[in-house]
Amino acid sequence: VEPSLGQVALLASTQDDHAPTQTRREITIIDARERKEIGRWLLPPGKDTYSGTFAKSGTVFCALQNAFATSDPQFVCSDVRSGRVVFQKMLPKGSTGRIVGAGDRVGIEHRNVKAVPKLLRRLAETSYFFTDPTLGIWDIQSGREIARWPTEWLPVWAISSTGDTVARSSSGVINISRLVH
């Protein structure tokens, strides 16, 4: 939801009859005030869902693939009206969770993925675990990560509406960082 503009992004998924493991994913942007569709486009086919956020004052919608923990997720930002891709990148394994956009910036949570040795998987009841949670800030204009901080496992953070300030909270302490352009 982009409340200041009254925009809502919807993700629709339909099963492909010819390829049962593939799902067609389509983003639709709706102007809730005018009750009309603004834009619609397809995301890459697959079986994963996506999380998303508006950026650039509601003119861009960014989607992060909720890939399996050991897969590299796709991060793609598209123009709201045309669906034209303005930024696309495969992020490292463990990039998942909350995604927040503001200005030309998008914040994404990341955790390193470590494999459990095969002999211990049954005892551990998993084949991987997460370490080193961080918060990364991406600039979608330049296509690069411009800041990264360690976080708690359940981080509390926000980006200012202009995308130039990040507030992070940990153990009762609030840290405010200004991002340089």
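Taking the charged nitrogens against the carboxylate oxygens, Arg144 and Asp139 have no contact shorter than 4.0 Å, which rules out a salt bridge.
Pro73 places none of its side-chain heavy atoms less than 4.5 Å from the side chain of Asn66. When side chains are defined from C-beta on, Arg168 counts as touching Leu135, because their heavy atoms get closer than 4.5 Å. Trp41 is listed as a side-chain neighbour of Ser78, based on a closest heavy-atom distance under 4.5 Å. Between Phe130 and Val113 the shortest side-chain heavy-atom distance falls below 4.5 Å. When side chains are defined from C-beta on, Ile146 counts as touching Arg105, because their heavy atoms get closer than 4.5 Å.
In this structure, His110 contributes its side chain and Asp132 its backbone to no donor-acceptor pair below 3.5 Å.
For the side chain to side chain contact (heavy atoms under 4.5 Å, CB included) with Trp149, the lone residue among Thr134, Asn175, Ile137 that qualifies is Ile137.
The nearest pair of heavy atoms linking Lys114 to Thr131 is CE-OG1, 3.7 Å. Minimum heavy-atom separation, Ile159 to Gly163: CG2-CA, 3.7 Å. Listed here is the closest heavy atom pair of Trp157 and Gly107: CH2-O, 3.5 Å. The two residues Ala147 and Leu179 have their closest heavy-atom pair at CB-CD2, 3.8 Å.
Residues satisfying the side-chain contact (heavy atoms from CB on, under 4.5 Å) criterion with Ile38, sequence neighbours excluded, are Gln7, Ile29, Asp31, Val80, Arg81. Applying the side-chain contact (heavy atoms from CB on, under 4.5 Å) rule to Leu11 yields the partners Ser13, Arg25, Ile27, Leu43, Tyr50; only residues at least two apart in sequence or on another chain are considered.
Screening residues 26-65 for disulfide bond (SG atoms under 2.5 Å apart), with sequence neighbours left out, gives Cys62-Cys77. Annotation: side-chain hydrogen bond (donor to acceptor under 3.5 Å, both in side chains) contacts involving residues 52-63, sequence neighbours excluded, comprise Lys56-Asp104, Lys56-Gln141.
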Inset, instruction - Report the C-alpha distance between Glu37 and Arg40 in whole Å, list the side-chain angles of each, state the deciding distance to 0.1 Å, and finish with yes or no for salt bridge (charged side-chain N to carboxylate O under 4.0 Å, His left out). - result: CA-CA 8 Å; Glu37 182 178 301; Arg40 177 187 299 245; 2.5 Å; yes
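Hydrophobic clustering (side-chain heavy atoms under 4.5 Å, transitive across Ile, Leu, Val, Met, Phe, Trp, Tyr) keeps Phe54 apart from Val100. Under the 4.5 Å side-chain heavy-atom criterion for Ile, Leu, Val, Met, Phe, Trp and Tyr, Val76 and Val106 are members of distinct hydrophobic clusters. At a threshold of 4.5 Å between side-chain heavy atoms, the hydrophobic network of Ile, Leu, Val, Met, Phe, Trp and Tyr places Trp138 and Ile99 in one connected group.
In this structure, CG on Asn112 lies 14.5 Å from OH on Tyr128, to the nearest 0.5 angstrom. To the nearest 0.5 Å, atom CZ of residue Arg33 and atom CG of residue Leu5 are 6.5 Å apart.
Grouping Ile, Leu, Val, Met, Phe, Trp and Tyr by side-chain contacts under 4.5 Å, direct or through others, puts Ile174 with Ile176.
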Show me the donor-acceptor pairs within less than 3.5 Å that the side chains of residues 82-91 make with the rest of the protein, sequence neighbours left out.
residue: Ser82; atom: OG; partner: Asp79; partner atom: OD2; Å: 3.1
residue: Ser82; atom: OG; partner: Arg84; partner atom: N; Å: 3.1
residue: Gln88; atom: NE2; partner: Gln74; partner atom: OE1; Å: 2.6

